[in-house]
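All values derive from a computational prediction rather than experimental measurement.
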Amino acid sequence: MIYWLIQIAFSYFCTVGFGVLTNVPRRALNGCGITGMIGWCVFLLMRQNDFGIGSSNFIAAFLIGIFSIYFSRYKKMPVIIFSIPSIVPLVPGGPAYQAVREFVLGNSSNGFQYVVIVILTSGAIAAAFMLTSLVENIVLQWQQKYKNPSKGRG
């Protein structure tokens, strides 16, 4: 229980702190923190249940994208204000550091293992954001089609 409280608190404050550093408007900071916290908790839950690093990052980043869209609509602000700070807990900074360290120490095989982790993580995050954007576009088109049905007929 204490473990989860620490994870929740630190993921929230990490996201809000990065938002402050990148000059996110004050009224968006809480939304950023909630979004980052949800993404990190989903990532941890999936990793604890033996999901791979790629799929865990993909699902967590997809949810971050969905919540970023929600908060952007709710606060009437651009999506990027919420998505960039919220993705910070998932960024593979540790494995990237380890890869460089292993290469400097001459352990190329270990370095390449960390590089693969960085590529998988980064690719999963990018793919999830692309899918989020695609889903958003489909939903918006569907909403417009059913709001104004005569527009679709010729």
Would you give me the side-chain donor-acceptor pairs under 3.5 Å for residues 13-21, sequence neighbours excluded?
unit_1: Thr15; atom_1: OG1; unit_2: Ser11; atom_2: O; d: 2.8

side-chain contact (heavy atoms from CB on, under 4.5 Å) between Val118 and Tyr97: does it pass, once the steps are laid out? CA-CA 10 Å; Val118 170; Tyr97 168 78; over 6 Å; no
Hey, does Phe43 have a side-chain heavy atom less than 4.5 Å from the side chain of Ile59?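 A side-chain contact is absent here, since even the closest heavy-atom pair is not under 4.5 Å.
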Residues 99-116 side chain polar contacts: donor-acceptor under 3.5 Å, at least two apart:
unit_1: Glu102; atom_1: OE1; unit_2: Asn107; atom_2: ND2; d: 2.9

Can you tell me which residue pairs pass the side chain to side chain donor-acceptor pair (under 3.5 Å) test with a partner in residues 32-56, sequence neighbours excluded? Gln7-Trp40
Side chain to side chain donor-acceptor pair (under 3.5 Å) partners of residues 66-89, not counting sequence neighbours, each pair once: Arg73-Glu136
Residue pairs passing the salt bridge (Lys or Arg N to Asp or Glu O under 4.0 Å) test with at least one member in residues 80-96, sequence neighbours excluded, are none
Which residue pairs satisfy the salt bridge (Lys or Arg N to Asp or Glu O under 4.0 Å) criterion with at least one member in residues 17-36, sequence neighbours excluded?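 Sorted result for residues 17-36: empty, none.
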Count the heavy atoms belonging to other residues, nucleotides or ligands that lie under 6.0 Å from CZ of Phe71, then report whether that count exceeds 12. yes
I'd like to know whether CG of Leu45 has more than 12 heavy-atom contacts from other residues, nucleotides or ligands below 6.0 angstrom.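 Counting other residues, nucleotides and ligands, CG of Leu45 exceeds 12 neighbours.
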Closest approach of [X] to [Y] (non-hydrogen atoms, all atoms of both residues):
X     : Y     : result
Val24 : Pro85 : CG2-CG, 3.8 Å
Ala28 : Ile81 : CB-CG2, 3.8 Å
Ala61 : Ile87 : CB-CD1, 3.9 Å

